[in-house]
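Below is one structure; the comments refer to it alone.
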Amino acid sequence: MYQLKTIKEVVYSVGNMDKVKHFFCDYGGLDAIGHYTTDSSVLSFWNLEDTVEAEEILIQFDTQTAGQIRLVKYHGVEQKYIRSSQKPWDIGGIMDINLRVPEVAQTFDELRELGFHGLSDPLLQKMGPFELYDILMKGYDDIIIAFTHRKEPPLELKKGYRIPSHIYNSSLTVSSIEESQKFYVNTLGFSLLNEYEVKKDAPIENMFGIPFNMIEEVTCKANIFSLDGTREVMFQACEFEGVLGKNFAPLAVPPNRGLLLYRCEVEGVENYYHSLLKKGVKMHQPLQYITIEPYGKVNAFALLSPDGVWWEFIETNT
C-alpha cells in the first residue's frame with residue numbers, strides 16, 4: 001500500500017543565494033528554517049560529477065511544511081538557464097510558482113524596485129470557479145512568479161507578511177493537455193481537481209503578454225491537479241492552443257538555473273515505485289537511499305514528465 005501526500009518542496013537553482021533569500025525572507029517575511037551542504041548522495045542522484053558542491057537554504061511560510069521552497073547554489077560546475085527569456089507558452093520545465101499576497105497592485109510596485117517586471121499590469125482574472133487579481137512577474141534566474149489575491153470566493157490571509165503564502169500552486173506549460181492528464185491521473189495516480197479554458201473575445205490586455213492581434217486566436221486549456229485530492233498544494237498543466245513557443249525540456253535538469261524540480265512526499269514510496277514499474281513507467285533515477293537535510297536518509301526515486309519536468313518522490317520519517 002502507498003499514499004500520495006503532497007508536493008513538499010519546489011527546488012530552485014539560484015545564481016545569487018543572498019539576493020533570492022532576501023526576496024523571500026527579508027521582503028516576503030518567510031522563514032529560512034535551515035542552511036545545509038548538499039549531500040554527495042543527492043548530487044549523484046542529480047547526475048552530477050563528484051567535483052560539484054552545493055549549498056541549500058530551505059524556506060517555508062509560517063508553520064506550513066508543504067509547498068516549501070529549497071534554494072540550491074551550485075559550485076564548481078557550468079550552468080545554463082532552464083527557461084532563458086521565457087514566455088508562458090514555452091514548454092519544458094516548471095513555468096511558474098504561485099504565491100498569495102494581500103494586495104497585487106502594491107506588490108507589483110514594490111517588486112519592480114527589487115528588479116522584477118511584469119508580463120502585464122495587474123489584471124482581474126476569471127479562472128474556473130475563482131475570480132482573482134493576478135500578475136505574472138519575471139524575477140531572478142529568469143523564473144516567473146504569479147502573485148495572486150483571490151476576490152471570489154474571498155480568502156483571509158495571515159497578517160504581518162508581504163507574502164503570506166506557501167507555494168500553493170504552480171504551472172507547467174505542456175504540449176498536450178490530454179496526454180498530460182493521462183500521465184498525471186492514469187499513470188501517476190494524482191487527483192484532477194478542475195478543468196477550464198480561457199479564451200478572450202476581444203483584442204485586450206492579458207496576463208500572459210500575448211499580442212493583442214493574436215489573443216482572440218489563442219485558447220489556454222488548463223487542468224489543476226494535486227497528489228492528495230486537496231487544494232493545499234496544487235499544480236496546473238496549461239496548453240496554449242494557437243501559439244507556438246520554445247521547448248526548454250532538455251535544459252530542465254540539474255544544475256541549471258531556475259525552477260528545477262518538484263520533491264513530493266509519499267507514504268510507502270517503495271510500493272508506489274513498484275506500482276509504476278508495473279505500468280511501464282521509465283524511471284529517471286531508480287529507487288535508492290539519499291540524504292536530504294533536515295529529513296536525513298530517505299528512500300527516493302525520480303522520473304520525468306512527457307514535457308521534461310523532473311519529479312522526485314521521497315519517503316521521510318518526519
Side-chain angles (χ1 to χ4, degrees), residues 7-21 24-25 32-60 65 68-84 86 92-94 97 140-143 167 170 247-266 269-270 272-274 276-277 281-318:
I7 296 175
K8 194 165 184 64
E9 303 175 5
V10 175
V11 178
Y12 173 10
S13 171
V14 303
N16 186 314
M17 183 76 89
D18 291 337
K19 186 165 61 174
V20 180
K21 178 178 178 288
F24 284 107
C25 299
I33 62 171
H35 193 160
Y36 315 107
T37 298
T38 308
D39 191 78
S40 59
S41 62
V42 175
L43 296 172
S44 177
F45 190 77
W46 288 342
N47 296 320
L48 299 175
E49 301 291 337
D50 56 13
T51 55
V52 178
E53 297 180 345
E55 59 183 301
E56 306 176 355
I57 295 177
L58 185 61
I59 294 172
Q60 74 177 36
T65 58
Q68 299 171 323
I69 189 157
R70 185 180 294 258
L71 311 182
V72 179
K73 170 62 179 174
Y74 294 97
H75 303 282
V77 65
E78 182 181 349
Q79 295 174 277
K80 296 180 180 179
Y81 288 91
I82 295 173
R83 291 177 59 92
S84 178
Q86 68 164 307
I94 301 172
I97 54 175
Y140 312 128
D141 307 292
D142 271 12
I143 75 165
I167 299 174
S170 179
N247 184 352
F248 289 117
L251 295 169
V253 295
N256 290 336
R257 286 169 61 173
L259 298 172
L260 190 58
L261 58 90
Y262 294 111
R263 184 170 282 162
C264 304
E265 189 172 9
V266 180
V269 72
E270 185 173 353
Y272 182 53
Y273 175 76
H274 288 294
L276 296 181
L277 287 180
V281 175
K282 182 180 178 181
M283 297 299 168
H284 194 61
Q285 285 292 357
L287 189 68
Q288 59 193 276
Y289 283 100
I290 59 177
T291 299
I292 302 173
E293 298 302 343
Y295 318 122
K297 185 176 286 189
V298 303
N299 214 2
F301 70 93
L303 53 82
L304 301 179
S305 77
D307 290 294
V309 177
W310 184 304
W311 289 88
E312 289 184 2
F313 298 92
I314 67 172
E315 183 166 20
T316 74
N317 296 316
T318 58

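Qualifying side chain to side chain contact (heavy atoms under 4.5 Å, CB included) partners for Ile82, counting only residues two or more places apart in sequence or in other chains: Ala252, Asn256, Leu260. Partners of Pro250 according to the side chain to side chain contact (heavy atoms under 4.5 Å, CB included) rule, which considers only residues two or more places apart in sequence or in another chain, are Asn247. With sequence neighbours left out, Tyr140 forms a ring pair (Phe, Tyr, Trp, His ring centres under 6.0 Å) with Phe116. For Ala54, the side chain to side chain contact (heavy atoms under 4.5 Å, CB included) partners two or more places apart in sequence, or in a different chain, are Thr38, Leu43, Val72, Tyr74. Ser41 is linked by a side chain to side chain contact (heavy atoms under 4.5 Å, CB included) to Asp39, Ile290, Thr291, counting only residues two or more places apart in sequence or in another chain. Remark: Phe248 engages no residue in a ring pair (Phe, Tyr, Trp, His ring centres under 6.0 Å) (not counting sequence neighbours). Looking at residues two or more places apart in sequence or on another chain, you find no ring pair (Phe, Tyr, Trp, His ring centres under 6.0 Å) involving His274. Remark: Tyr36 engages no residue in a ring pair (Phe, Tyr, Trp, His ring centres under 6.0 Å) (not counting sequence neighbours). Annotation: side-chain hydrogen bond (donor to acceptor under 3.5 Å, both in side chains) contacts of Arg83 (sequence neighbours excluded): Gln86. Residues satisfying the side-chain hydrogen bond (donor to acceptor under 3.5 Å, both in side chains) test with Glu55, not counting sequence neighbours, are His35, His75. With sequence neighbours excluded, no residue forms a side-chain hydrogen bond (donor to acceptor under 3.5 Å, both in side chains) with Asp18.
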Where do Val11 and Glu56 land on the side-chain contact (heavy atoms from CB on, under 4.5 Å) test, with the steps shown first? CA-CA 10 Å; Val11 178; Glu56 306 176 355; over 6 Å; no
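Annotation: the span from Glu53 atom CD to Lys73 atom NZ amounts to 13.0 Å, rounded to 0.5 Å. From Leu261, atom CG reaches atom NE2 of His284 across 10.0 Å, with rounding to the nearest 0.5 Å. To the nearest 0.5 angstrom, Glu270 atom CD is 6.0 Å from Leu287 atom CG. Once rounded to the nearest 0.5 Å, the distance linking NZ of Lys8 with CD of Glu265 reads 4.5 Å. Taking OH of Tyr273 as the start and CD of Gln288 as the end, the distance is 8.5 Å to the nearest 0.5 Å. Between atom CE of residue Met17 and atom OH of residue Tyr12 there is a gap of 10.5 Å, rounded to the nearest 0.5 Å.
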Contacts table for residues 296-314: side-chain donor-acceptor under 3.5 angstrom, sequence neighbours left out:
unit_1, atom_1, unit_2, atom_2, d
Ser305, OG, Asp307, N, 3.2
Ser305, OG, Gly308, N, 3.4
Ser305, OG, Val309, N, 3.0
Asp307, OD1, Ser175, N, 3.4
Asp307, OD1, Ser175, OG, 3.0
Asp307, OD2, Ser175, N, 3.4
Trp310, NE1, Glu312, OE2, 3.4
Trp311, NE1, Tyr184, OH, 3.3
Glu312, OE1, Arg263, NE, 2.9
Glu312, OE1, Arg263, NH2, 3.2
Glu312, OE2, Trp46, NE1, 2.7

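Shortest non-hydrogen contact noted between Gln68 and Ile167 is O-CD1, 3.8 Å.
Between the Gln79 side chain and the Pro255 main chain, a donor and an acceptor come within less than 3.5 Å of each other.
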